[in-house]
Amino acid sequence: MSKIDADLTEFLLGERLPEDYRRQIHDYFIPFIRDILPQIECGELRVLGIHGAQGSGKSTLAEFLRWYLEGEHGMTVAVVSIDDFYLRRAERQALAAAVHPLLLTRGVPGSHDVSLAEETLTDLMALTTGQQLDLPRFDKASDDRAPQSEWPTIYGPVDLIIFEGWCLGAEPCDETALIAPVNSLEAAEDREGQWRGYVNRALAGEYRRLFSKIDYLLMLAAPSFDCVQGWRLEQEQKLAARVDRGTATALMDSAAIQRFIQHYERITRQCLATLPQRADCVMTMAKDRRISAVSYAEHGSANIAELPPTVIFTDLDGTLLDHDNYSFSAATSALARIAELDIIWVLNTSKTQAELHQLAGQLNNPYPFIIENGAAVVVPEGCDLLAGVPLDVVNGQRVKAFAPRREDIVQLLHDWRTEKGFQFSGFADYSAPMLCETTGLRLHEAELALQREYSEPIRWEDSAERWQEFAALLSAEGLQALKGGRFIHIMGAADKGAAMAWLASCLYPTGAAPRLIALGDSGNDIAMLVRADIAVVVRSPHHAPPDIMAPQGELRITEGFGPSGWNQAILDILGAAT
């Protein structure tokens with residue numbers, strides 16, 4: 001383990017962060033630091049603003065940036081939040097009595113001591129050697145400003161100020177946009193629009209002046225406002241776990257959170273719609289709050305040179321293709337997004353080479369594909385990838401085989417059935433019409449499915465005790481049985497995961513290892529899923545999800561079935577289309 005990874009382990013433990021946060025650090029946060037570091041070092045960037053909806057992780061990101069810049073670059077970094085500058089509870093009570101009752105609730109523009117925030121930023125920038133400053137802090141558990149004796153002290157000079165907050169960079173809207181309420185809170189408790197008008201005028205006045213002190217704005221962009229309520233509830237639950245419930249009088253339950261978050265809805269929605277066009281850097285988030293894409297205003301697109309390439313490996317039946325009708329129409333949005341980002345995506349399936357040539361054309365996929373549960377990688381005609389890799393030529397196709405040929409397996413199975421009386425049926429017993437009846441394939445599709453080269457799919461029709469005897473014979477011959485969505489695939493010692501790893505190493509033999517995203521729905525996908533950086537188990541209406549016992553990376557399970565779940569998972573990971 002490198003020094004930075006060892007140090008990161010301590011950081012993750014100290015912040016109670018999951019291990020997969022390490023991947024985000026390497027893939028996104030450290031490249032971001034490298035991008036802005038020259039501006040910090042020359043003094044051009046003094047105040048870094050981080051915008052993000054509630055629960056988006058902006059405080060955690062700010063703390064990591066501080067930790068890394070101080071530890072790796074010897075800088076002095078001050079971290080403040082707009083939440084540190086809430087008006088005292090008594091001040092908000094007076095404001096609520098004089099202007100509108102909703103101003104008692106902290107958070108919206110108009111509920112902060114903006115003068116204190118401006119003064120703090122100015123004083124931080126002016127600190128010199130030997131000078132110190134106490135940084136204001138707000139105690140959310142008691143809903144009041146913390147005593148000054150509890151404020152942390154920072155010593156000058158300060159190289160960078162990280163200023164984070166949910167409304168940083170927000171701009172006032174046209175007064176006419178305030179007329180219609182956006183939720184039940186505004187409709188019931190601000191019928192005349194007095195509260196939202198006050199908030200909007202605050203944004204147009206002192207907050208605009210405060211936000212002008214930000215030299216560089218980073219936006220953590222939530223996928224939608226609908227995600228924010230769940231994030232904020234999780235945030236409150238974590239706060240409750242850290243404090244004494246007897247003294248934390250202002251903690252909220254889920255109903256209170258639902259009402260509370262409506263205070264922020266108007267501005268949050270507005271920022272999600274407009275701020276990505278104005279921020280210096282946008283980190284797009286998925287529903288689980290992991291970063292899925294990064295764009296820089298000065299670069300115009302994701303900083304590809306700094307980020308590892310992505311390769312997607314996907315199963316077909318029951319995953320990208322509907323289990324019942326083999327349609328992929330529900331996944332067209334995600335397929336378009338993959339094409340837009342020019343990501344290599346690989347079909348990794350139990351299907352045959354004959355089937356894949358046809359399906360790849362229908363899916364507009366020109367890349368190498370993996371057939372028969374990892375038995376072989378096929379580079380289709382016209383694909384110039386893997387040009388420098390020595391491959392066999394089989395029937396005019398460039399092929400890397402990892403398993404023995406099917407004819408030897410079929411002969412062995414035939415001998416065992418004759419000699420030992422095992423009850424099973426396999427593809428060798430099926431005609432194309434019989435396979436159509438069993439699977440729902442059309443006749444031409446069934447003919448292609450029967451053209452197997454490395455495996456024999458069977459249906460076991462005997463007892464569980466007899467299966468144990470059969471499995472022992474397979475093992476003795478160096479064969480395995482992989483459970484798919486419909487059949488048990490008898491084949492050599494190959495699997496989807498090993499074929500995926502081999503192909504990925506050939507696609508990117510030098511530089512950063514690619515980020516591998518794998519999607520599957522059945523037991524024969526487990527070997528691929530456990531080796532992926534992001535493993536997506538696609539739910540099936542016909543069987544339970546496979547058990548992924550020890551994934552090497554992040555594990556997700558879709559809510560939707562088949563191609564619908566596949567589509568949402570890809571969009572969550574890659575971000576919506578631009």
Side-chain angles (χ1 to χ4, degrees), residues 314-330 347-363 365 369-376 378 380 394-397 403-418 420-463 466-467 470 474 479 481-492 496 520-525 540-543 561-563:
T314 182
D315 174 53
L316 287 175
D317 290 355
T319 300
L320 176 54
L321 303 182
D322 185 273
H323 183 278
D324 297 312
N325 59 24
Y326 301 98
S327 171
F328 57 87
S329 60
L347 308 179
N348 194 357
T349 175
S350 62
K351 289 184 176 295
T352 66
Q353 180 180 170
E355 290 175 286
L356 263 291
H357 283 302
Q358 181 180 64
L359 277 168
Q362 294 172 356
L363 290 163
N365 183 310
F369 50 76
I370 300 170
I371 62 171
E372 300 188 44
N373 292 307
V378 178
V394 180
N395 297 326
Q397 303 294 321
R405 300 290 296 181
R406 177 196 178 212
E407 49 263 32
D408 298 328
I409 297 172
V410 170
Q411 183 61 55
L412 199 60
L413 297 181
H414 174 77
D415 293 344
W416 290 347
R417 186 164 55 182
T418 300
K420 299 180 179 298
F422 291 126
Q423 300 297 309
F424 63 85
S425 59
F427 272 29
D429 306 309
Y430 286 25
S431 65
M434 290 172 61
L435 189 60
C436 290
E437 184 177 346
T438 302
T439 63
L441 291 170
R442 291 173 293 187
L443 182 61
H444 174 64
E445 294 168 336
E447 290 170 345
L448 297 177
L450 289 171
Q451 296 178 37
R452 310 198 75 80
E453 301 172 78
Y454 303 97
S455 61
E456 174 66 358
I458 68 168
R459 282 194 163 182
W460 187 251
E461 297 158 356
D462 215 322
S463 67
R466 293 281 280 163
W467 172 260
F470 182 78
L474 290 175
L479 300 176
L482 289 177
K483 179 71 170 65
R486 288 183 173 85
F487 296 95
I488 299 171
H489 299 263
I490 309 302
M491 59 181 292
K496 290 185 175 184
D521 74 304
S522 300
N524 59 335
D525 298 311
S540 169
H542 297 280
H543 57 79
F561 296 137

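When a residue number appears, it is its place in the shown sequence, counting from 1. Because the structure is predicted, anything quoted here is derived from the model rather than measured.
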* Has the side chain of N524 got a donor or acceptor atom that lies under 3.5 Å from a matching backbone atom of L482? -> no
* Structure fact -> dist L316:CG -> L356:CG (nearest 0.5 Å) comes out at 6.5 Å
* Taking all atoms of both residues into account, what is the closest heavy-atom pair of T439 and Y326, and its distance? -> O-OH, 3.0 Å
* To do: Take H357 and F369 through the ring-ring contact (aromatic ring centres under 6.0 Å, His included) test and state the conclusion after the steps.
  => CA-CA 9 Å; H357 283 302; F369 50 76; 5.3 Å; yes
* Write out all pairs satisfying salt bridge (charged side-chain N to carboxylate O under 4.0 Å, His left out) with one or both partners inside residues 437-448, taking only residues at least two apart or from two chains. => R442-E445
* Within-4.5 Å side-chain heavy-atom neighbours: I371 and R452 -> no
* Do the ring planes of F470 and W460 sit parallel (below 30°), tilted (30 to 60°) or perpendicular (above 60°)? -> tilted
* Asked: Do the side chains of H444 and Q358 get nearer than 4.5 Å, heavy atoms only?
  -> yes
* **Smallest separation among heavy atoms of P563 and S327, with atom names** => CG-O, 3.7 Å
* With rounding to the nearest 0.5 Å, note down the distance linking CD in E355 to CG in L450. => 8.5 Å
* To do: Compare all side-chain heavy atoms of N348 with those of D315 and state whether any distance is below 4.5 angstrom.
  => no
* Between G421 and R466, what is the shortest heavy-atom contact and its length? -> C-NH2, 3.4 Å
* Measure the shortest side-chain to side-chain distance between L363 and L320 over non-hydrogen atoms and say whether it is less than 4.5 angstrom. => yes
* Roughly how far, to the nearest 0.5 Å, is CG of L479 from CG of L413? -> 7.5 Å
* Asked: Is the NE2 atom of H542 crowded by more than 12 outside heavy atoms at less than 6.0 Å?
  -> yes
* Asked: What are the two closest heavy atoms between I488 and A481, and how far apart are they?
  -> CG2-CB, 3.7 Å
* D521 CG to F561 CZ distance, which is reported to the nearest 0.5 Å -> 11.5 Å
* Separation of K351 NZ from L321 CG (nearest 0.5 Å) -> 6.5 Å
* Heavy-atom closest contact (S522 atom, K483 atom, distance) -> CB-O, 4.3 Å
* Asked: Does a side-chain N-to-carboxylate-O contact under 4.0 Å join R405 and E453?
  -> yes
Only pairs under 3.5 Å count here: list side-chain donor-acceptor contacts from residues 424-436, not counting sequence neighbours, and write none if there are none.
| unit_1 | atom_1 | unit_2 | atom_2 | d |
| --- | --- | --- | --- | --- |
| S425 | OG | Y430 | OH | 3.3 |
| S425 | OG | E461 | OE2 | 2.9 |
| D429 | OD1 | R417 | NH2 | 3.0 |
| D429 | OD2 | R417 | NH1 | 3.0 |
| D429 | OD2 | G426 | N | 2.8 |
| S431 | OG | M434 | N | 3.3 |

* Find out whether T349 and L359 are in side-chain contact, i.e. whether some heavy atom of one side chain is under 4.5 Å from a heavy atom of the other. => no
* Can you tell me how far NE2 of H323 sits from CG of D317, rounded to the nearest 0.5 angstrom? -> 7.5 Å
* Minimum-distance pair of heavy atoms, taken over all atoms of Y454 and A403 -> CD2-O, 3.6 Å
